[in-house]
Structures are given as structure tokens and as C-alpha cells.
Amino acid sequence: MLARQVMSQLDLRLSLQASADSERKYRTLFDSMDEGFCIIEFLDGPHGPDSDYIHIDANAAYARHAGIPDVVGQRLREMVGDEADAWVARYGHVLRTGEPIRFEQELVATGRYLSLSSFRIEPPERKQVAVLFQDITERRRAELALRRLNETLEQRVASALAERRVLADIVEGTAALVQVVDNDFRWLAVNGAAVREFEQVFGVTPRVGERMLDLLSDQPEHQAQVRSVWSRALAGEEFVKIEAYGDPGGYRRFYEMRFGVLRDDMGLQAGAYQFVYDVTERLEEQERLREAEEALRQAQKMEAVGQLTGGLAHDFNNLLSGISGSFEMIGTRLSQGRSRDVEKYLSAGQGAARRAAALTHRLLAFSRRQTLSPKPIVINRLMADFVELVRRTVGPSIKVETVAAAGLWPTLVDDNQLENALLNLCINARDAMPDGGRITIETGNKWLDRRSADERGMEPGQYVTVCVSDTGVGMDKSIQDRVFDPFFTTKPMGEGTGLGLSMVYGFARQSHGHVRIYSEVGQGTMVCIYLPRHFGEEAAPEIDAHAVLPAPAAAGETVLVVDDEPTVRMLIVDALQELGYACAEAADGPAGLRLLQSNARFDLLITDVGLPGGLNGRQVADAARALRPGLKVMFITGYAENAALNHGHIQPGMEVLTKPFAVSDLAARIDRMMRTPL
């Protein structure tokens with residue numbers, strides 16, 4: 001009995017051991033499977049009998065393929081609420097019928113595609129279903145992509161063909177003339193517009209496959225013209241050119257040709273192409289516009305001339321009234337024997353004459369015809385004396401400051417006219433500050449590149465600048481655009497001639513420079529004069545000729561005076577005779593030259609630059625120097641005939657005196673010339 005019990009227990013242990021071994025083998029196989037595997041057990045739920053299931057077992061591959069970790073113990077409706085009914089229906093059918101199924105399905109929650117198979121675990125009362133599956137996401141995506149590719153291939157082919165047809169229709173229907181040739185000038189393509197225009201211009205019809213040069217072989221001039229432009233493109237150049245083609249006596253048009261390089265799949269040049277546009281009407285319209293602009297400019301010039309002459313007539317009428325009235329009163333008082341009043345009228349007439357001379361000087365400066373005596377100077381040298389003059393002129397309520405740049409370059413300029421221009425700017429600045437303020441005079445070196453020069457309407461290069469700025473009322477843009485116009489002024493009637501800034505502008509331009517204005521309302525104004533840098537040494541300071549009284553002429557010294565104006569000639573001769581000089585007179589160049597060719601002694605020639613008779617003053621002087629090498633020459637001119645004076649380059653022993661001049665200035669200049677050896 002005891003033995004049977006022992007044997008029974010031993011059999012039980014062996015049975016349990018065998019069962020455990022079998023379980024371990026099953027679990028090892030279960031977890032080693034590449035396919036995902038799980039067992040689900042149906043449950044009754046809120047949606048009815050067998051309306052939900054729970055995962056009671058799953059292998060390691062389940063999480064890898066389904067993307068859902070720790071699935072054992074999870075209910076379907078808790079995992080995928082919206083998809084639950086579809087999964088319950090599919091696996092419920094397997095449970096009820098015992099029929100296994102195979103299908104493919106996307107897990108919406110994880111975005112994976114699975115290939116699944118399912119069968120019932122017997123007996124049915126266990127309500128269990130086994131599920132095996134694999135992740136086929138990559139394969140499914142490849143299949144879908146291939147399907148889409150196949151579905152769209154025909155459409156894409158049709159679209160490509162349609163695109164080519166559209167492009168072909170556009171090229172064929174465009175107004176542009178399109179031609180494509182290979183490296184041997186053979187047409188590869190030509191649109192209808194180009195064919196028709198080629199026939200119109202050259203009288204022959206281009207066709208694909210023909211050589212362009214062969215078609216024009218009997219038209220050598222046209223062939224050479226065509227070869228010239230196409231050769232550039234076939235040499236690899238891409239460019240645009242406007243050129244006329246056709247018979248000048250018949251059909252002739254202007255064309256804008258845009259050439260490009262045609263390349264093969266390897267990037268090598270296979271030919272060239274061109275797009276051509278008929279621009280004849282455009283060029284004709286541009287020419288009409290240019291003519292209209294020229295007519296407008298001429299009208300503006302005439303308006304400016306009208307403004308100039310009107311202002312000039314107004315100012316000169318005032319001045320002439322003072323001069324003529326003074327002479328009339330002098331005559332009246334002399335006839336009455338009242339000579340004591342003559343001095344008053346002489347002073348009034350001389351004052352009016354000086355103002356007329358100043359007005360003429362400003363006009364000449366504006367027209368860039370004033371006589372300049374440029375010399376190389378460093379403008380900083382002028383500042384000390386000039387600033388004192390400005391301070392006396394503008395008054396104590398205005399502070400005058402200077403900012404002199406260190407290392408300022410020399411510039412070639414007439415220092416007297418520069419001071420006049422700067423004084424005009426300072427007076428304008430004073431008038432812009434009725435309640436007082438500050439004037440700053442600043443010098444500097446400026447190097448303008450192409451962009452900066454273009455912005456200022458100047459040539460690039462090195463410039464010396466002199467700027468006058470104020471803290472006055474400023475001006476708006478509309479006024480800034482007109483400040484350099486002659487007789488334009490913002491001052492009340494009778495308080496300004498309107499020639500100040502125009503004179504500054506003319507002086508700067510005549511000195512090969514420029515002037516710019518910068519201003520803002522309420523912020524003040526700055527006017528800058530730009531003068532070209534002089535690459536040379538600064539000139540030595542001159543002795544003031546007016547500091548020495550004229551000495552009497554030496555015995556026998558003779559002066560030849562050549563001037564076509566009798567009054568001027570009389571005044572010069574009388575002044576010379578007062579100094580003790582002997583004088584000879586001539587009214588024109590040939591008469592003066594005849595006197596110079598005689599044996600008479602002449603120590604000085606005084607000649608007007610503009611003379612009648614076919615010889616100007618410079619020509620007379622040159623002939624005189626040829627006959628008498630040591631002869632000194634003084635030119636007298638109403639404005640700078642730069643061509644006659646060789647643009648200011650005169651020889652040693654020659655000087656220029658500008659009309660109108662004071663007799664005292666004439667005497668001092670003559671005395672200095674006669675006392676200075678050549």
C-alpha cells in the first residue's frame with residue numbers, strides 16, 4: 001500500500017516536471033517567433049454579449065510589430081474606442097463559426113499596416129481566439145507609392161506633352177522672332193514670326209536644316225552683318241544688341257536682339273539662339289520724346305532768359321537813373337555856377353556806377369564768364385583775415401566759427417573771387433538768422449568715388465571743400481531746387497538782387513568745381529563749394545600793388561592802347577598821360593599791328609581782348625611778342641574770352657584787367673608791370 005502511494009507521488013512529480021518542461025518549451029517558442037502572436041478572450045460588455053475582448057497573452061514580437069507595449073490585460077475598447085466594433089465583428093465571426101481568416105489592416109492608432117491571420121482555440125466555450133500578424137508597413141507604403149505612380153504616370157505624360165504643346169504654341173504665336181542655329185549656322189528651329197520677317201527683310205525663306213549664310217550668299221552685305229552678330233553668340237557670348245536690317249531705300253527696321261548660348265546635356269555649346277523684337281516704333285517714340293524734351297528745355301531757357309533780362313533791366317534802370325540824374329544835376333549846377341554841390345552828385349554817380357559794376361560782375365560769375373586769376377593756394381591761409389571781415393559784416397549778434405582741416409590740399413582758385421563767394425554765403429546766413437545765431441566756416445578734403453560723385457552730379461576725384469553753415473530758419477525742398485536760379489530771392493522786394501547764390505554757383509563751375517546746398521526747415525542751411533585738388537605746390541604770397549604809389553614814367557616810355565570803344569580808349573590815354581607816359585592809339589587789331597610793325601618805341605601794349613577787324617587782342621599780343629620779344633602786355637576785357645586767352649594760361653609779362661575798372665587800379669597795375677622785369 002505504501003509502495004503504491006510512493007509510486008503515485010513519483011508519477012505525479014514526473015508528470016508535473018514534464019508539464020513544466022513542456023510549458024518552458026512552449027514559452028521559448030512563443031517568445032522566439034518572428035510573428036506577433038496574442039490570445040484574446042471575449043467578454044460581455046455594455047454593448048452586449050461578447051462585445052469586448054481582453055488580451056490574455058502576447059509574445060515579445062507583438063509590441064515590435066503592433067507598436068503597442070504591455071498589451072496583456074488591456075481591453076479592446078480601452079485601447080481603440082473608435083475602431084473596436086470592426087475588430088470585435090471580425091474576430092467574433094471566427095469565434096462563432098470556427099472559420100480561420102487572413103486579412104491586412106492598418107492600425108490607425110499607431111499608423112502601422114499589419115498582415116493578420118486568426119483561428120479559434122477549442123473548445124468554443126473558452127471564448128478564445130488566437131491572432132498571428134506581421135508588420136508590413138514598408139511593403140504597404142511601397143505598394144501604395146507604386147500604385148500612385150502608376151495611376152499618375154499617364155496623367156504626367158499627358159501633362160508633359162501638353163506643356164510642350166503650350167510652349168510650342170507660345171513660341172509660335174509670340175510676336176518675338178525666335179531662331180535657333182547650331183555651330184555651323186544651320187537652323188535647328190525658327191518660329192513663324194521669324195520666317196515672315198526674314199522673308200520681308202532679306203527676300204528669302206529660312207527653313208530648318210538650311211545654313212543661314214548659304215541662304216544669304218548672294219547678299220554679301222547682309223551676310224556679313226548676320227555673320228558678325230551670330231559669330232559672337234556662337235563664340236559663347238550672351239548679349240543684347242540693337243541694329244537696323246534691310247534696304248535703306250525700302251523695308252528697313254530696327255531690332256533688339258537677345259542672344260543666348262544653346263548647350264547639350266553635357267553642358268557643351270551646341271549652338272546659339274536669339275529672341276528678336278522690332279523696336280522701330282519704340283526708337284521713333286524715344287526720338288519724338290527727345291525732341292519734345294529739347295523743346296521743353298529751350299522753352300525753359302527762354303523763360304530763364306526772360307527772368308534774367310527782366311531782373312537785369314529792373315536793376316540797371318535804377319542804377320542808370322542814379323548815374324544819368326547825377327550827370328544832369330552836375331550840368332545844371334555848373335551852368336548855375338554852384339560848383340559846391342557838384343561833389344555830392346559826383347559821389348552819387350560814382351556809387352551807382354560801382355553798384356552797376358558789381359551787378360555786372362555777378363552776372364558774369366553766374367554765366368561763368370568772369371575773368372579769373374587762379375593760383376594754387378591752401379584755403380586755410382585765407383581764413384584768419386576773412387573771418388575778421390565776416391565778423392564785421394554780420395554783426396555782434398552772430399557768432400562766427402571756423403573748422404580748418406589739418407593737412408588741407410591745395411586747390412587752383414582765384415582767391416579774391418572765392419572770398420567774394422564765401423562772403424555772399426555768410427551774408428545769406430546772417431539774413432537767415434534775424435535773432436542771431438552761429439555761422440560755421442569749415443574746410444575739408446573729400447575723395448568722391450563714382451557713386452558719391454553721381455549723387456552730387458560731379459566727376460569722381462579729390463576735392464577741397466569750403467562749407468558755410470548756419471543755425472537759421474532753413475528752407476524746404478521746393479526752394480532749394482531754385483536757389484541757384486538768377487534773380488530768385490526769398491527776401492522782400494528791394495532787399496536782394498537774387499544773384500548771390502547764382503554767382504557762387506557760376507564761380508564754382510567756372511573753377512571746375514561744384515556747389516551743393518543742404519537745408520531743413522528750422523534746422524539751418526549748409527552750402528558747400530567743391531574745388532578740385534591741385535597736385536602741386538602752393539603759390540608764394542604776392543606784394544599788394546596798391547600799397548605802393550605809382551611812380552612817374554621814365555623819359556620816353558610809350559604805351560600803345562588798342563580798344564574799339566573811344567570812351568574807354570580816352571580814359572586810358574588820359575590816365576597814362578597823367579603818369580607821364582607817351583601814348584599811341586588804335587581802334588582795331590590790324591591798325592594796332594601796323595603801329596607795332598613800325599620803328600616807333602613801345603614799352604607796353606594795352607589791348608582789349610574782343611576787337612573788330614579780324615584780329616582779337618590775343619592775336620595782336622602774340623604778333624607783337626613775335627616782333628618785340630620783350631614787350632609787356634595788359635589785356636582789358638569785359639568778360640573772360642577764355643578761348644582767346646587760352647583759358648587763363650598767359651605768358652610772363654602779361655596781365656588781365658577786368659572792365660569796369662577804377663583809374664587808380666589801372667595806374668597801379670601799369671606801374672607794377674613797368675617796374676617788374678621780365
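Between the side chain of Lys446 and the backbone N or O of Tyr530, no donor-acceptor pair lies under 3.5 Å. No donor-acceptor distance shorter than 3.5 angstrom exists from the side chain of Thr607 to the backbone of Phe635, with no hydrogens or angles considered. A donor-acceptor pair is defined here as one N or O able to donate and one able to accept, closer than 3.5 Å; no such pair exists between the side chain of Thr440 and the backbone of Ser469. With hydrogens and angles ignored, the 3.5 Å screen pairs no side-chain donor or acceptor of Arg258 with any backbone N or O of Glu238. Counting only distance, with no hydrogens or angles, the side chain of Thr280 and the backbone of Phe254 share a donor-acceptor pair below 3.5 Å. Checked by atom type and distance alone, the side chain of Ser511 never pairs as donor or acceptor with a backbone atom of Val413 at under 3.5 Å. Formation of a donor-acceptor pair under 3.5 Å by the Arg625 side chain with backbone atoms of Leu631 is found in this model. A donor-acceptor contact shorter than 3.5 Å links the side chain of Thr411 to the backbone of Pro532. Of the possible donor and acceptor atoms, none in the side chain of Asn445 sits under 3.5 Å from a partner among the backbone N and O of Gln462. With hydrogens and angles ignored, the 3.5 Å screen pairs a side-chain donor or acceptor of Asp603 with a backbone N or O of Thr558.
Residues Leu595 and Ala584 share a closest heavy-atom pair of CD1-CB, 4.5 Å. Heavy atoms only, all atoms of each residue included: Ala667 and Leu579 are closest at CB-CD1, 3.8 Å. Contact record, Cys583 with Gln577: SG-CG, 4.2 Å, taken as the closest heavy-atom pair. Residues Ala624 and Leu605 come closest through the heavy atom pair CB-CD2, 4.1 Å. For Ile529 against Ala508, the heavy-atom pair with the smallest separation is CG2-CB, 4.2 Å. When all heavy atoms of Pro590 and Leu615 are compared, the closest pair comes out as N-CD1, 4.0 Å.
Rounding to the nearest 0.5 Å gives a distance of 6.0 Å between CD of Glu459 and CZ of Arg450. A distance of 4.0 Å separates CD1 in Ile439 from CE in Met433, rounded to the nearest 0.5 Å. Remark: Met654 CE to Asp622 CG distance equals 5.5 Å, nearest 0.5 Å. The CG atom of Leu571 sits 10.0 Å away from atom CG of Asp563, with the distance rounded to the nearest 0.5 Å. The NZ atom of Lys375 sits 4.0 Å away from the CG atom of Asp415 when rounded to the nearest 0.5 Å. With values rounded to the nearest 0.5 angstrom, Asn424 atom CG is found 7.5 Å from Asn420 atom CG.
Side-chain atoms of Ile398 and Asp470, non-hydrogen and from C-beta on, never get closer than 4.5 Å to each other. The shortest side-chain heavy-atom distance between Phe386 and Ile441 falls under the 4.5 Å cut-off. Considering only heavy atoms from C-beta on, Asp608 stays 4.5 Å or farther from Glu565 through its side chain. Considering only heavy atoms from C-beta on, His514 stays 4.5 Å or farther from Tyr463 through its side chain.
Under the salt bridge (charged side-chain N to carboxylate O under 4.0 Å, His left out) criterion, Glu281 pairs with Arg253, sequence neighbours left out. With sequence neighbours left out, Glu237 forms a side chain to side chain contact (heavy atoms under 4.5 Å, CB included) with Arg232, Phe239. The side chain to side chain contact (heavy atoms under 4.5 Å, CB included) check on Val521 picks up Asp476, with sequence neighbours excluded. Residues that satisfy the side-chain hydrogen bond (donor to acceptor under 3.5 Å, both in side chains) test with Lys241, not counting sequence neighbours, are absent from this structure. In terms of the side-chain hydrogen bond (donor to acceptor under 3.5 Å, both in side chains) criterion, residue partners of Ser452 (sequence neighbours excluded) are, by chain and number, Asp449. By the side chain to side chain contact (heavy atoms under 4.5 Å, CB included) test, Ser397 is found to be paired with no residue, residues two or more places apart in sequence or in another chain being considered. In this structure Glu578 satisfies the side chain to side chain contact (heavy atoms under 4.5 Å, CB included) test with no other residue, sequence neighbours excluded. Taking Asp574 as the reference, nothing meets the salt bridge (charged side-chain N to carboxylate O under 4.0 Å, His left out) condition, with sequence neighbours excluded. Taking Arg282 as the reference, Glu256 meet the salt bridge (charged side-chain N to carboxylate O under 4.0 Å, His left out) condition, with sequence neighbours excluded.
Here the rule is side-chain hydrogen bond (donor to acceptor under 3.5 Å, both in side chains) with Arg288, and of Gln286, Glu285, Glu291 only Glu285 fits it. Partner of Pro410 under the side-chain contact (heavy atoms from CB on, under 4.5 Å) criterion, chosen from Val378, Leu531, Ile379, Ile377: Val378. Test Leu576, Leu560, Val633 against Ile606 for side-chain contact (heavy atoms from CB on, under 4.5 Å) and you get one pass: Leu576.
For residues 390-468, every residue pair satisfying the disulfide bond (SG atoms under 2.5 Å apart) rule, not counting sequence neighbours, is listed here: Cys467-Cys528. Applying the salt bridge (Lys or Arg N to Asp or Glu O under 4.0 Å) rule to pairs touching residues 389-412 yields Glu388-Arg391, Lys399-Glu401, Glu401-Arg438, sequence neighbours excluded. Under the salt bridge (Lys or Arg N to Asp or Glu O under 4.0 Å) criterion, the residue pairs touching residues 579-597 are Arg569-Glu585, with sequence neighbours excluded.
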Output, in order, the C-alpha distance, side-chain angles, deciding distance and verdict of side-chain contact (heavy atoms from CB on, under 4.5 Å) for Val466 and Leu425.
-> CA-CA 11 Å; Val466 191; Leu425 296 180; over 6 Å; no
Check the pair Leu604 / Tyr581 against side-chain contact (heavy atoms from CB on, under 4.5 Å), numbers first and verdict last.
-> CA-CA 10 Å; Leu604 174 65; Tyr581 291 98; over 6 Å; no
Using the side-chain contact (heavy atoms from CB on, under 4.5 Å) rule, take Leu412 and His512 through it: C-alpha gap first, then chi angles, then the decisive distance, then the call.
-> CA-CA 9 Å; Leu412 192 65; His512 309 291; over 6 Å; no
Worked verdict on Arg601 versus Glu557 for side-chain contact (heavy atoms from CB on, under 4.5 Å) | CA-CA 8 Å; Arg601 174 182 173 177; Glu557 287 184 326; 3.7 Å; yes
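Between Arg290 and Glu287, at least one side-chain nitrogen of the basic residue sits less than 4.0 Å from a carboxylate oxygen of the acidic one, meeting the salt-bridge criterion.
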